[in-house]
Amino acid sequence: MIKSVCGYCGVGCGLEYEPHKLIGDVAYPTNEGKLCSKGISELVSIQTPTRLLRPHMRKSIEQPFGVSTWEEAIATIANTIKATPKEKIGFYLSGQMLTEDYYIANKLAKGFLGTNSIDTNSRTCMASAVVAYKKSLGADFVPVRMEDIFKSNLLILAGANTAEAHVVFHNQIKKAKKEGLKVVVIDPRFTDTAKIADLYLPIKAGSDIDFFNLLSKRIIDEKLYDEDFVHTKLENFESFVNKFKRIPTTKMLKRTGLSMPIFEAFWQLYKNSPNIITAWTMGLNQSSQGVDKNLALINTHLLTGKIFKEGNGPLSLTGQPNAMGGREVGGLSTMLAVHLGFDEASIAKVSQFWKTDNINPQVGLTATQMLHANLDVLIICHTDPIYHLPNRHKNEASLRKIALVVEINAYENSESAAFAHIRLPAAPWGEKEGTQTNLDRTITKQERLTRTSIDCKSDWQIFQLLAQALGYKEQFNFDTPQAIFDEYKAMTRLNGYMDIYKTSYEELVKKPFVWGEEIRDFLTPNQKGVLHFVQNHLLSEKPNLEYPFVLLTGRTRDQWHSGTKTNLPTTLLKYKALNFCEIHPHDAKELGINEGDSIEVISRRGKVQTKALITPTIREKTLFIPISNREINYLTNDILDKESLQPDYNHSAVKVNKL
Ligand SMILES: Nc1nc2c(c(=O)[nH]1)N[C@H]1C(S)=C(S)[C@@H](COP(=O)(O)OP(=O)(O)OC[C@H]3O[C@@H](n4cnc5c(=O)[nH]c(N)nc54)[C@H](O)[C@@H]3O)O[C@H]1N2
Ligand SMILES: Nc1nc2c(c(=O)[nH]1)N[C@H]1C(S)=C(S)[C@@H](COP(=O)(O)OP(=O)(O)OC[C@H]3O[C@@H](n4cnc5c(=O)[nH]c(N)nc54)[C@H](O)[C@@H]3O)O[C@H]1N2
Ligand code: SF4
Ligand SMILES: [Mo]
């Protein structure tokens, strides 16, 4: 029996492998022996015929691929990089890479190539949470754990569908409910998560800032704030309160689409709950004001002092298995390494640690900028930007112009593959080892369970081969993931609060390690939290007479994004069809649409054909299409949050035609 961890979502369930079978690890704290259908069937995805098993190359994207050797492919990439100015090189990574993979890629790009244009699909996922945590708490630090729900009285889930996206955590919520936890769900759709809610708030998409501001206003008006905490632990309580004096509350409530009685019912529940956790995911982060939505939510915890105490706090539910590890290593273009930025002191520390003088002080391009920055070389690893970035027609046109696109993938059927010149075969989950950090700072060892397919390599090995071909043999001379982890953990000492150096591979093989457990205070220089007054500036694309619907997009329980690993003929567990569009019965009637009809959803940017699923669980004039529809992003708009540069996936104006 080998203990490992699921490689799908941010819950990070522990599992046990007995030849040919996976079961949940009963001793693992997060999942207590449970796995969802994706976790259980993870072995199936290793064996599919759609695996990419050899390196492939072609001169232009009009030609078919030919099989190549590793030597040939790596030499071609290295020679092109040598001949390319560093500002013309980009690395597009993923929150699904392991920490060791991230470390090597980050060290190569930022430390030696001198480009900070190394970013990840996490930009589309939780960049808004990263910025908001930094602004309010002083660091990108999740100050509450999943297990805290058992010590809490109220869990507010805002724009998070745990029943489908964090399935085993959802099970834990149901268990905590039996012990008295109350649950509020805030979502424009009555989701499977809403079914277990004590109170469901059918908010209008895009109005969460109004909602949380109304809550802060009530906390202030009824003096429910923590008097001692706001004066001793917060930076700017008085000025924050002043700004709340003249906010247009009636207009704000109207914008949320919620009735006064339902808001009052919520307030009664809130006010009578001593311990509160507010959790959120893409309904808040993916927004034209994603950072502000996060801040409006975090403000309520700062005012009430419900933070750094058992059973309390703002809990960002990270989606990907190791997006947190990527944040810790420094895999975003807006940070250097181990949560350090591009200030002189940080660059000096990191330069000394890596023994380099190539670090560039400019922040790099983000994932949402990279395709359109006239790059000459783009290396994509463990993600599918053509599938996942908004406004796809524009992205396709931009990617076509990049002279060398390298795709490192374990599967051959991504949407970006059509635009690649070189494809390198990665060893997927089960064929490699390394570490990952789940959504609440738990670092777990992922083990190799079966032999690595003959011509496949771990992502870190591929980046190391490239580094060596570029001449950095001494700096990239790691034999094992353990050797990389040892260097990385030593590096975490450069950061004053990241105590990852306390663990080791030997320990992680036996049990997970939770970093930051001793942090019980703000991480700002004066250890005070910062309130940020924010308002809804209505920056999203607005529906109009021609495009009267707001399109929401999101997950279904048994599918993983583009489905290279889950949409397989051999995966038996299909609990929802893949091709549907939720529409309210009133809207369907008005348009003469019947259940199952073929429809066309059209935005200003493109169109998608799908089938109508008529349901009263969605708000009127709102549609929902799951992201297992690989064409979804032909429709979405590319408005970005101005601080986090995260896209506004959930608010595109569309119209519907019956076909
Ligand atoms: N089965 C499965 N699980 C996954 C994934 C997967 O692909 N499949 N992916 C993982 C990843 S990377 C992520 S990021 C997470 C995402 O986890 P979630 O964010 O929980 O998943 P989504 O389906 O995107 O749900 C977002 C919810 O926000 C609601 N929403 C949309 N707009 C608004 C709004 O303006 N306000 C509010 N309050 N709500 C709104 C939507 O109706 C939807 O129910 O899931 C992770 N888990
Ligand atoms: N409209 C809309 N768009 C969205 C979202 C949304 O809610 N709505 N959500 C956004 C979010 S939150 C996210 S996280 C992204 C997700 O978007 P992507 O990251 O593009 O989605 P995946 O399908 O998970 O892509 C992972 C890729 O890695 C490959 N792969 C699997 N295992 C390995 C491995 O071990 N090594 C390597 N090198 N490759 C491997 C898979 O085959 C697949 O091609 O989508 C974003 N886009
Ligand atoms: S909840 Fe997430 S981590 Fe747990 S088994 Fe399911 S996909 Fe894997
Ligand atoms: Mo995500």
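When a ligand or atom number is given, it counts from 1 through the structure's own listing order.
Residues with a heavy atom under 4.0 Å from ligand 2: Gln96, Asn121, Thr124, Cys125, Met282, Gln286, Gln320, Cys381, His382, Thr383, Asp384, Tyr387, His388, Ile408, Asn409, Ala410, Tyr411, Ser414, Ala426, Ala427, Pro428, Lys432, Asp459, Thr553, Arg555, Trp560, His561, Ser562, Thr564, Ile627, Ile632, Asn633, Thr636, Tyr649. Near ligand 3, heavy-atom contacts under 4.0 Å come from Cys6, Tyr8, Cys9, Gly12, Cys13, Leu35, Cys36, Lys38, Gly39, Val167, Val168.
Under 4.0 Å is where a charged nitrogen must lie from a carboxylate oxygen, and between Glu396 and Arg392 at least one such pair does. A salt bridge links Glu32 and Lys175; the closest N-O separation between the charged side-chain nitrogens and carboxylate oxygens is under 4.0 Å.
Not a single N or O atom of His166, backbone or side chain, sits closer than 3.5 Å to an N or O atom of ligand 1. For ligand 1, none of its N or O atoms has an N or O atom of Phe624 under 3.5 Å away. Checked against a 3.5 angstrom limit, the closest N/O atoms of Asp208 and ligand 1 fall inside it. Note: no N/O pair closer than 3.5 Å links Asp558 and ligand 1 by distance alone. Taking distance alone, with nitrogen or oxygen atoms compared against 3.5 Å, Lys204 stays at or beyond that limit from ligand 1. Looking at Thr162 next to ligand 1, no N or O pair under 3.5 Å apart turns up. Where the criterion is an N or O separation shorter than 3.5 Å, residue side chain and backbone included, Ala205 fails it with respect to ligand 1.
Using a 4.0 Å cut-off to heavy atoms of Gly206, the atoms of ligand 1 that qualify are 34 (C), 35 (O). Ligand 1 places these atoms under 4.0 Å from at least one heavy atom of Thr191: 44 (O). The contact set between ligand 1 and Glu164, taken as ligand atoms under 4.0 Å from a residue heavy atom, comprises 1 (N), 2 (C), 3 (N). Per-residue contacts place Ala160 under 4.0 angstrom from the following atoms of ligand 1 (heavy atoms of the residue considered): 20 (O).
For Gln646 (side chain) and Asp641 (main-chain N/O), no donor-acceptor pair under 3.5 Å exists by modelled atom type.
Residue pairs meeting the salt bridge (charged side-chain N to carboxylate O under 4.0 Å, His left out) criterion with at least one member in residues 458-467, sequence neighbours excluded: Lys432-Asp459. For residues 378-390, the set of pairs meeting the salt bridge (charged side-chain N to carboxylate O under 4.0 Å, His left out) definition, not counting sequence neighbours, is empty.
Using a 3.5 Å distance cut-off with no hydrogens or angles, the side chains of Ser128 and Asn294 do not pair a donor with an acceptor. For the residue pair Thr566 and Gln559, a side-chain donor N or O sits within less than 3.5 Å of a side-chain acceptor on the partner.
Two rings, from His651 and Phe549, have their centers 6.0 Å or more apart. The six-membered or imidazole ring of Tyr634 lies near that of His393, with a centre-to-centre distance under 6.0 Å.
Contact of the Ser45 side chain with the Tyr411 side chain is registered, since non-hydrogen atoms from C-beta on lie closer than 4.5 Å.
For Lys542, the NZ atom is densely surrounded, since the number of other residues' heavy atoms within 6.0 Å is greater than 12.
Between Phe263 and Phe211, the ring planes are perpendicular. Angles over 60° get that label, and only those under 30° would be called parallel.
Remark: Lys195 fails to qualify as a cation-pi partner of Tyr200 under the 6.0 Å distance and 45° angle criteria applied to the six-membered ring. Figure legend: cation-pi geometry between Lys293 and Trp280 absent, as NZ or CZ is not positioned both under 6.0 Å from the six-membered ring centre and within 45° of its axis.
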